[in-house]
Trainee: 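One structure, as structure tokens, below. Some questions next.
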Amino acid sequence: MDLAALRAQQLELASRIVREDQPITTTPSVIAGADVGFEQGGEVTRAAIVLLSYPSLELIEHQVARIATTMPYIPGFLSFREYPALLAAWDQLSQKPELLFVDGHGISHPRRLGVASHFGMLVDVPTIGVAKKRLCGKFEPLSDEPGALAPLMDKGEQLAWVWRSKQRCNPLFVSTGHRVSIDTALAWVQRCTKGYRLPEPTRWADAVASGRPAFRRWQEIPR
DNA sequence: GCGACAG
DNA sequence: ATCTTGTCGC
């Protein structure tokens with residue numbers, strides 16, 4: 001793999017990311033969550049996409065795709081490692097969502113093209129990036145109260161909101177993926193958070209992608 | 001030159 | 001991300 005070429009590709013794609021809200025924004029009735037996990041020591045990439053109804057936030061569909069891993073993890077190039085599997089899972093959906101949450105950064109990336117932005121652009125759906133760790137940029141320490149907020153700044157521009165979704169939990173990094181402003185991204189993440197650190201779409205995608213016990217229970221003991 | 005570094 | 005049980009704290 002040629003990192004210089006991938007870096008150039010990121011700059012090109014990043015220039016096409018829409019950081020503003022859509023002129024016509026209607027309330028979504030279906031919101032998706034996407035996440036990626038690995039198996040067999042990393043040789044297999046497993047992507048999961050879940051569909052939740054809104055505003056009830058109930059799981060209505062989940063798809064999992066497994067493909068041979070094509071690239072190693074290199075900070076700043078995560079999307080090239082994860083998007084092939086995500087696209088495979090996306091194609092398996094019986095219906096497409098109106099809003100998409102992706103586990104990872106959106107524009108809060110060195111070249112402004114985190115996995116949420118890259119994948120969001122590929123499927124061309126309003127997308128939000130929800131990351132659990134900082135990749136770049138700086139922010140002031142948050143107070144301990146849940147709801148504490150601080151802008152993630154880099155080179156003079158705000159790239160995300162650092163938001164403490166729950167008490168005694170590390171904050172989340174919420175950013176524009178594609179076709180959603182940073183403020184609107186935060187508003188949707190807040191509306192979809194129900195008492196846990198992660199918003200429901202990413203929480204379920206995470207559970208499905210990594211075979212969490214909570215999900216297996218729901219999966220193996222239905223009805 | 002010395003750290004930092006999504007998942 | 002993943003390897004992994006119990007355990008400390010609210």
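The chains referred to below are lettered A, B, ... by the order of the sequence lines, with proteins before strands, and numbering in each begins at 1.
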Trainee: Between H178(A) and F119(A), is the gap from one ring center to the other below 6.0 Å?
Mentor: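 No, too far apart.
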Trainee: Should we say atom CD of E20(A) is surrounded by more than 12 heavy atoms from elsewhere, each under 6.0 Å from it?
Mentor: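 Incorrect, the count does not exceed 12.
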Trainee: Quick one: what's the B/S/- string for nucleotides 2-7 of chain B, heavy-atom cutoff under 4.0 Å, read 5' to 3'?
Mentor: --SBBB
Trainee: For DNA chain C, what is the dot-bracket line, given that a base pair needs Watson-Crick (N1 to N3, plus N6-O4 or O6-N4) or G-U wobble (N1-O2 and O6-N3) geometry with both distances under 3.5 Å, and | means paired with another strand?
Mentor: ..........
Trainee: P171(A) pairs by side-chain contact (heavy atoms from CB on, under 4.5 Å) with which of K133(A), R164(A), K166(A)?
Mentor: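 Per the side-chain contact (heavy atoms from CB on, under 4.5 Å) rule, the option paired with P171(A) is R164(A), out of K133(A), R164(A), K166(A).
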Trainee: Could you provide the dot-bracket string of DNA chain B, using ( ) for intrastrand pairs, [ ] for crossing pairs and | for bases paired to another strand, with Watson-Crick or G-U pairs below 3.5 Å?
Mentor: .......
Trainee: Can you spot which of I182(A), L159(A), D154(A) makes a side-chain contact (heavy atoms from CB on, under 4.5 Å) with S108(A)?
Mentor: L159(A)
Trainee: Please check: side-chain N/O of T184(A) versus main-chain N/O of V180(A), any donor-acceptor pairing under 3.5 Å?
Mentor: no
Trainee: What integer distance in Å separates D144(A):CG from dG9(C):P?
Mentor: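 D144(A) atom CG is separated from dG9(C) atom P by 17 Å.
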Trainee: State whether a side-chain donor-acceptor pair under 3.5 Å links E98(A) with S29(A).
Mentor: yes
Trainee: In terms of side-chain geometry, is the basic nitrogen of K194(A) or E200(A) positioned less than 4.0 Å from the acidic oxygen of its partner?
Mentor: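 Answer for the salt bridge query: no.
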Trainee: Between CZ of R81(A) and OG1 of T70(A), what distance do you get to the nearest 0.5 Å?
Mentor: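 The distance works out to 8.0 Å.
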Trainee: Testing the 3.5 Å rule here: is there a donor-acceptor pair between the side chains of D21(A) and S181(A)?
Mentor: yes
Trainee: Say whether L100(A) and V115(A) are linked into one hydrophobic cluster, either directly or through other cluster members, by side-chain heavy-atom distances under 4.5 angstrom.
Mentor: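 Yes.
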